[in-house]
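The structure appears right after this line, and notes come after that.
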Number of protein chains: 2
Amino acid sequence: MTKEVVPDIVIARLPRYLQCLNLMAKEGLHTVSSGVLAERLGTTAAQIRKDLSYFGGFGKQGSGYPIYSLIEALQEILNLDRIWQVAVVGAGDLGRALTRYQGFPRRGIEIKLLFDVDPKLVGTKVGSITIQHVDYLEKEIQHHGIKIGVLAVPAEYAQLMADRMVEAGIEGILSYAPVSLILPESVHAQHIDPVLQLQTMMYYLGED
Amino acid sequence: MTKEVVPDIVIARLPRYLQCLNLMAKEGLHTVSSGVLAERLGTTAAQIRKDLSYFGGFGKQGSGYPIYSLIEALQEILNLDRIWQVAVVGAGDLGRALTRYQGFPRRGIEIKLLFDVDPKLVGTKVGSITIQHVDYLEKEIQHHGIKIGVLAVPAEYAQLMADRMVEAGIEGILSYAPVSLILPESVHAQHIDPVLQLQTMMYYLGED
DNA sequence: TTAGATTTTATCAGTCTTTTCCATTTTCCG
DNA sequence: CGGAAAATGGAAAAGACTGATAAAATCTAA
């Protein structure tokens, strides 16, 4: 009866399962066993079964998991059964590349707003989006009721922009800025920093 | 005497500590306690102390950690006390943005090679790097003895290019392609996929 | 229809991580 | 100088996650 809490680390793996399942569906498969899925994902069958079992029994003993209904179930669990609108702050190389990235619309993510401070950029378009001045950040985010923000600004402005987004009602931030952000507990943050990931790698590559 | 194994997850946190320490050094601080560092990083003091203690006692009771020498120690642990050369495969929006990214040279990462298949791109320059045809991938990587590759190609070519990089001697791959790669155990791989991170977030944002 | 192979599910044991506790050392301040 | 406060580092406890095992269900083929 008690709504058992699903560990964060399990949630973080579900999108990867979904990605792989979508690929398999495109290949024309209808059913997959945890063993096969594990091999494609580089993990273990037991882990996949355990992870999925947090949400109920999707599989059929003897045959495995029906791909289509598992995809649907995961999409519902992750709340992907709708379009999520996103605001991007920072229209430099990175911000513009993200705004043009076709992988977003293909997977239910719509870049709705794009902001920058540079007056030379404001008013120009990236794809179908017009770059707006950050002065309008709060107003526009509130107006569209956007809950997810992407930070693509230099490190020194990241905390300020994050604070403003939170103030405007943003509840999740994906940051590309190379700094640690200090945010309220209630805001979900994720960081992407290729340098940090490469540095992690260098530890292991060093012994030569 | 037994060389205790440091957990992967600890290694993955060290670059973040280093990033924060560098920032503090720039602010003119000389010493930092685990508590203050933890607050800036959004973690706990105990975890930082435990992580650092895998490598020895860097701190001084009563005052904390001397920032400069801790930075140096971490750089040495992570093998950052030299320039790492990197090859980028894929010169689309993303590959070019990465090649231009100033954060790499600033932190000891040199993009040395950039490849693409598109004959319209081959021969053109991105910053000071000339785009080469992927036909020369193996030869060039071997010639320069490069150990780290960055994948910035469409999903359907990612596995093929990863295989070729491994064949050429690459030991670590940072992939931006939205697929799971199947690689030998000996190759260290990291993935960056903003969609997966956003989807993880959507699970938590969904209850509204 | 039945036997055997396959595969999930649930449970439990084991391992890995994190947190807590505390002794010790250093710093600060009156 | 001396006591209180601050801080580390190690040991141990607690907690979380993963892997293994047994049981049940399904499928396949003869």
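Naming convention: chains lettered A, B, ... in sequence-line order (proteins, then strands); numbering from 1 in each chain.
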Does the [X] side chain pair with the main chain of [Y], one donor and one acceptor, at a distance under 3.5 Å?
| X | Y | answer |
| --- | --- | --- |
| A:Gln19 | B:Pro178 | yes |
| A:Asn79 | B:Met202 | yes |
| A:Glu171 | A:Ser186 | no |

### Exercise: do A:Tyr204 and B:Asp8 side chains pair donor with acceptor under 3.5 Å
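Yes, because at least one side-chain N or O of A:Tyr204 sits under 3.5 Å from a partner of the opposite role on B:Asp8.
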### Query
Name the one of A:Glu39, A:Arg40, A:Gln47 that satisfies side chain to side chain donor-acceptor pair (under 3.5 Å) with A:Thr43?
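Going through A:Glu39, A:Arg40, A:Gln47 one by one, the side chain to side chain donor-acceptor pair (under 3.5 Å) with A:Thr43 is satisfied by A:Gln47 alone.
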Return the value, rounded to whole Å, for the distance between atom [atom1] of [X] and atom [atom2] of [N].
| X | N | atom1 | atom2 | answer |
| --- | --- | --- | --- | --- |
| A:Phe55 | C:dT9 | CZ | P | 14 Å |
| A:Lys50 | D:dC17 | NZ | P | 10 Å |
| B:Ile48 | D:dG10 | CD1 | C1' | 18 Å |
| B:Asp8 | D:dT18 | CG | C1' | 15 Å |
| A:Ile9 | C:dC16 | CD1 | C1' | 11 Å |
| A:Asp51 | D:dG19 | CG | P | 10 Å |

Phosphate OP1/OP2 of [N] contacted by [X] side-chain N/O (<4.0 Å):
| X | N | result |
| --- | --- | --- |
| B:Tyr54 | C:dT17 | no |
| B:Ser53 | D:dT8 | no |
| B:Arg13 | C:dT18 | yes |
| A:Tyr65 | C:dT6 | no |

### Query
Between B:Phe55 and A:Tyr203, how do the two ring planes meet: parallel, tilted or perpendicular, split at 30° and 60°?
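Perpendicular, since the angle between the ring planes exceeds 60°.
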Hey, what are the protein-to-nucleotides 22-26 of chain C N/O distances that come in under 3.5 Å?
residue: C:dT24; atom: O2; partner: B:Gln61; partner atom: NE2; Å: 3.2
residue: C:dT25; atom: O4'; partner: B:Gln61; partner atom: OE1; Å: 2.3
residue: C:dT26; atom: O4'; partner: B:Gln61; partner atom: O; Å: 2.9

### Query
Which salt bridge (charged side-chain N to carboxylate O under 4.0 Å, His left out) pairs, counting each pair once, include a residue from residues 175-195 of chain B, with sequence neighbours left out?
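Salt bridge (charged side-chain N to carboxylate O under 4.0 Å, His left out) check on residues 175-195 of chain B returns A:Arg107-B:Asp193.
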### Working for salt bridge (Lys or Arg N to Asp or Glu O under 4.0 Å), residues A:Glu156 and B:Lys26
CA-CA 12 Å; A:Glu156 50 271 39; B:Lys26 211 186 291 177; over 6 Å; no
### Task
Please list residues of residues 26-43 of chain A whose heavy atoms come under 4.0 Å from any atom in DNA chain C, ordered by number; otherwise none.
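Here the set is A:Ser33, A:Ser34.
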### Task
Could you please name the option among D:dG19, C:dT18, C:dT20 that lies closest to any side-chain atom of A:Gln47?
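Output: D:dG19.
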### Message
If you define the side chain from C-beta out and look only at heavy atoms, does anything of A:Val150 sit under 4.5 Å from A:Ile111?
### Response
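Answer no - side chains too far apart.
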